[in-house]
Number of protein chains: 2
Amino acid sequence: MDYEGYAQTLKALANAKRLEIVDLLSCGTLCACDILAHFSFTQPTLSHHMKVLQDAGIVRAEKRGRWQYYTLVAAFTTEFPQFAQRLLQRDENCICHEKTQAGSDCEEVG
Amino acid sequence: MDYEGYAQTLKALANAKRLEIVDLLSCGTLCACDILAHFSFTQPTLSHHMKVLQDAGIVRAEKRGRWQYYTLVAAFTTEFPQFAQRLLQRDENCICHEKTQAGSDCEEVG
DNA sequence: ATAAAATATAGATGCCTATCTATGTAAAGT
DNA sequence: ACTTTACATAGATAGGCATCTATATTTTAT
């Protein structure tokens, strides 16, 4: 599992404002002005958050005239819930299957 | 949706090392020494990471003798994948259903 | 009692991040 | 041409975080 890559994605999501933005976008495309109307922070702050979400591959942007439209990336919406399951399932890149720890006093207990 | 609460959980997961720790624990209970053996950082750093995971309700600790055993919290393993799905589904706390934006030039497009 | 092993705590450091104000840019209306 | 609107960029600041070294605590073995 690409821990570093998933950590980057999670870092982009690990913010209440961005989480709410993603939740808003889960219903469909929105422009920056509509998203901004839902929050109390300034426009440059929204611009920053949208850049973070884009860089993480969570959102894509499309400019039409003066408006910047944002849409959730389909690959993300399908792959993220799958990742959540894979992470917590047994039998996936697990210490006890991968290799046995030499010099350890511990045993698998759970 | 409790954005602040979920953001806290995601923040705890948004780190490659902690993600790998959770992946290791997905196979069962492990003591700190076994987890530490998988990484190159120091013991106080592991202690810090485990505290972050505990405070987030992702992991619980149980001391037996000298050893501190860590186990994934069952509620987390079941609820986190559900959260991932709820977040990205349509029709859940969505701007276009919740209220209509007055003074907005934007329309639902996606 | 003393030593060793496993873990936690304290304090420091360097980096990252969320937010702001100020300003630039691009598109559309008058 | 000028103004307005929508958005981005630059630079600053305050706070948070990952990591380290040093040290304390707790448990077990000798």
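Below, read A as the first sequence line, B as the second, and so on, with proteins coming before strands; counting in each chain starts at 1.
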**Prompt:** Among the nucleotides C:dT19, D:dT19, C:dA27, which one has an atom lying closest to any side-chain atom of A:Arg66?
**Reply:** C:dA27

**Message:** Counting only side-chain heavy atoms from C-beta out, which of D:dC7, D:dT4, C:dA18 sits nearest to A:Tyr70?
**Reply:** D:dC7

Measure from [atom1] on [X] to [atom2] on [N] and round the result to the nearest Å.
X: B:Leu36; N: C:dA6; atom1: CG; atom2: P; value: 10 Å
X: B:Lys11; N: D:dG16; atom1: NZ; atom2: P; value: 9 Å
X: B:Trp67; N: D:dT26; atom1: CH2; atom2: C1'; value: 13 Å
X: B:Asp34; N: C:dT7; atom1: CG; atom2: P; value: 9 Å
X: A:Gln8; N: D:dC17; atom1: CD; atom2: C1'; value: 14 Å
X: A:Arg64; N: C:dA28; atom1: CZ; atom2: P; value: 13 Å
X: B:Lys63; N: C:dA5; atom1: NZ; atom2: C1'; value: 11 Å
X: A:Tyr69; N: D:dA6; atom1: OH; atom2: C1'; value: 11 Å

**Request:** State the OG-CD distance between A:Ser26 and B:Gln89, to the nearest 0.5 angstrom.
**Result:** 8.5 Å

**Request:** Using only side-chain N and O atoms of A:Arg18, determine if any of them is under 4.0 Å from OP1 or OP2 of C:dA18.
**Result:** yes

**Item:** C:dT17 OP1/OP2 closer than 4.0 Å to side-chain N/O of A:Asn15
**Value:** no

**Prompt:** Do the rings of B:Phe80 and A:Phe80 sit parallel, tilted or perpendicular, given the 30° and 60° boundaries?
**Reply:** perpendicular

**Request:** Would you please name every residue forming a side chain to side chain donor-acceptor pair (under 3.5 Å) with B:His48, sequence neighbours left out?
**Result:** none

**Complete:** Closest non-hydrogen atoms of A:Ala14 and B:Ala14, given as atom of the first, atom of the second and distance, are CB-CB, 4.2 Å

**Nearest heavy atoms of B:Cys31 and B:Trp67, plus distance in Å** = SG-CD1, 4.0 Å

**Message:** I'd like to know if the side chain of A:Arg18 reaches the main chain of A:Ala12, judged simply by a donor and an acceptor atom lying under 3.5 Å from each other, with no hydrogens or angles considered.
**Reply:** yes

**Item:** Sorted by number, the residues of residues 41-61 of chain A with heavy-atom contact under 4.0 Å to DNA chain C
**Value:** A:Phe41, A:Thr42, A:Pro44, A:Thr45, A:His48, A:His49

**Asked** Looking across every strand, which nucleic acid part, if any, lies under 4.0 Å from A:Lys17 by heavy atom: base, sugar-phosphate, or nothing?
**Response** sugar-phosphate

**Message:** So that I can tick it off, tell me whether A:Arg64 and A:Glu62 are bridged by a salt bridge, with the cut-off set at under 4.0 angstrom between side-chain N and carboxylate O.
**Reply:** yes

